[in-house]
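Structure record follows, encoded as structure tokens.
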Amino acid sequence: MAKYKIAWLPGDGIGRDVLDAAKIVLDKLKLDAEYIHGDVGWEFWCKEGDPLPQRTIDLLKNVNAALFGAITSKPTKQAEEELIPELKGKGLVYRSPIVRMRQLFDLYICLRPCKAYAGNPLNYKENIDLVVFRENTEDLYAGVEFHPVPEELSRLLGSLSKNFESFKNLQSNEFAISCKINTRRGSEKIIRAAFEYARKNKRKKVTIIHKANVVRLTDGLFLETAREIAKEYPDIQFDEANVDAIMMWLLKNPHNYDVLVAPNLYGDIVSDLCAQMVGGLGFGCSGNIGEKLAVFEPTHGSAPKYAGMYKVNPIATILAAKMMIEWLGEKELADRLERAVAEVIKEGKVKTYDMGGNASTLDMAKAIAEKL
Ligand code: NAI
Ligand code: MG
């Protein structure tokens, strides 16, 4: 029996292309794993009314980790007109499978390392090496939203908050409310994870991202929690930054930062900026990590126009596979894989279209596999 069980979730579009590429590399690396296919994505939403069928959820309960490609979540015009009214008529609502996995399995860490590999023509600056810890289950992504706004909610808010005055006479369908929910426990978990990572990986500094001067209570709780936890890690420098300011500072001086930790929405935004500085969608990898399960993925979507063409860059997915291997505890294999990726990038002989070359998805994977 293989040492690890890994759920293999290609999803839609180029998700399949890039997972085929990752498989070439994993096979060459001889990771002692069994890969078990799981159905996920737009196809299953159309066929079965569920983009994350129960059988896939059951599979995820019985694996060590998962590698996920990408899913299509924006309806085409035809689907919008024909299919969606039919599914909606049956009371079915599309929910992002990745968001659902995060909630079902409490994958509270979204980890996004952003490293500028030497020789990558898409690097914004050389030697960028940032790691973003984004809280993955709460904040403005809690999914507690109202439109139209129920009258009882409006009345309650009117009686509880002075700031609600200017909204309270609006018609229920003329405004929408989204709840930003931040818990002390959730904040603590992600902040602690960032500090632990920093310590384990000999990182110097953790920067907490917030907007507590305006969003006083929710971000305030996050910041307060961070300050408390920071005291337990005197060996690591602690730094605070407003989310708007850090977007400017990151662009100006990315080398001043190391590990960044943020609530869900700010983390989502900051991690895209960081990914772009080290090559963009073809290089952005991420891990959705919980206590029992972790799902690794490239951050790009299904890019329908390139689906099945084996044209896109698989490095993001191969780096996600590297993160997975590391998370499984196979640090040596993970390091070997990263060195192979770095070597191919540095040589600059094999480049996909985004890097200015014409190598295919599988050419890139084979070039990396050859270095292993
Ligand atoms: P996308 O990320 O799929 O692609 C946008 C463009 O970026 C592509 O057309 C391509 O030019 C480039 N690109 C993407 N991945 C690349 C790669 N590996 N190498 C080189 N170039 C790459 O975003 P888009 O087009 O906005 O969304 C397509 C579908 O994917 C939508 O249904 C969207 O909702 C979904 N999506 C899914 C995500 C996920 O599965 N995690 C994340 C983002 C979008
Ligand atoms: Mg994003």
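Numbering of ligands and ligand atoms starts at 1, following listing order.
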More than 12 heavy atoms from other groups under 6.0 Å of NZ on Lys292: no

Residue pairs involving residues 162-176 (criterion salt bridge (charged side-chain N to carboxylate O under 4.0 Å, His left out); sequence neighbours excluded): Glu165-Lys168

Determine whether Asp219 and Tyr266 satisfy the following criterion, side-chain hydrogen bond (donor to acceptor under 3.5 Å, both in side chains), listing intermediate values before the conclusion. CA-CA 11 Å; Asp219 282 4; Tyr266 308 149; 2.7 Å; yes

Can you tell me which portion of Pro304 lies within the under-4.0 Å heavy-atom range of ligand 1? Options are side chain, backbone, both, or neither. side chain

Are any of the N/O atoms in Thr299 less than 3.5 Å from those in ligand 1? no

Would you call the rings of Tyr353 and Tyr306 parallel, tilted or perpendicular if under 30° counts as parallel and over 60° as perpendicular? tilted

Please work out, at 4.0 Å between heavy atoms, whether the side chain, the backbone, both, or neither of Tyr353 comes within that distance of ligand 1. side chain

Between Ser178 and Glu145, is there a side-chain donor-acceptor contact under 3.5 Å, judged purely by atom types and distance? yes

Would you please name every residue forming a ring-ring contact (aromatic ring centres under 6.0 Å, His included) with Phe195, sequence neighbours left out? Tyr233

Below 4.0 angstrom from a heavy atom of Ile14, which ligand 1 atoms are there? Numbered from 1 as shown, please. 15 (N)

Quick note on ligand 1: atoms under 4.0 Å from a heavy atom of Ala70 include exactly 40 (O)

Out of Gly280, Gly282, Gly301, Gly279, the nearest non-hydrogen contact to atom 38 (C) of ligand 1 is supplied by Gly301

Any nitrogen or oxygen of Ser302 lying under 3.5 Å from a nitrogen or oxygen in ligand 1? Just yes or no. yes

Has Asn256 got more than 12 heavy atoms of other residues, nucleotides or ligands less than 6.0 Å from its CG? yes

Mind running side-chain hydrogen bond (donor to acceptor under 3.5 Å, both in side chains) on Glu135 and Tyr141 for me, showing each step along the way? CA-CA 10 Å; Glu135 199 289 321; Tyr141 292 40; over 6 Å; no

Look only at interatomic distance and state if Ile71 has a nitrogen or oxygen under 3.5 Å from any nitrogen or oxygen of ligand 1. yes

Contacting atoms of ligand 1, where contact means under 4.0 angstrom from a heavy atom of Glu297: 41 (N)

Relative to the heavy atoms of Lys305, which atoms of ligand 1 are at a distance of less than 4.0 Å? 9 (O)

For atom 33 (C) of ligand 1, which candidate among Gly69, Ser73, Ala21, Ser96 provides the closest heavy atom? Ser73

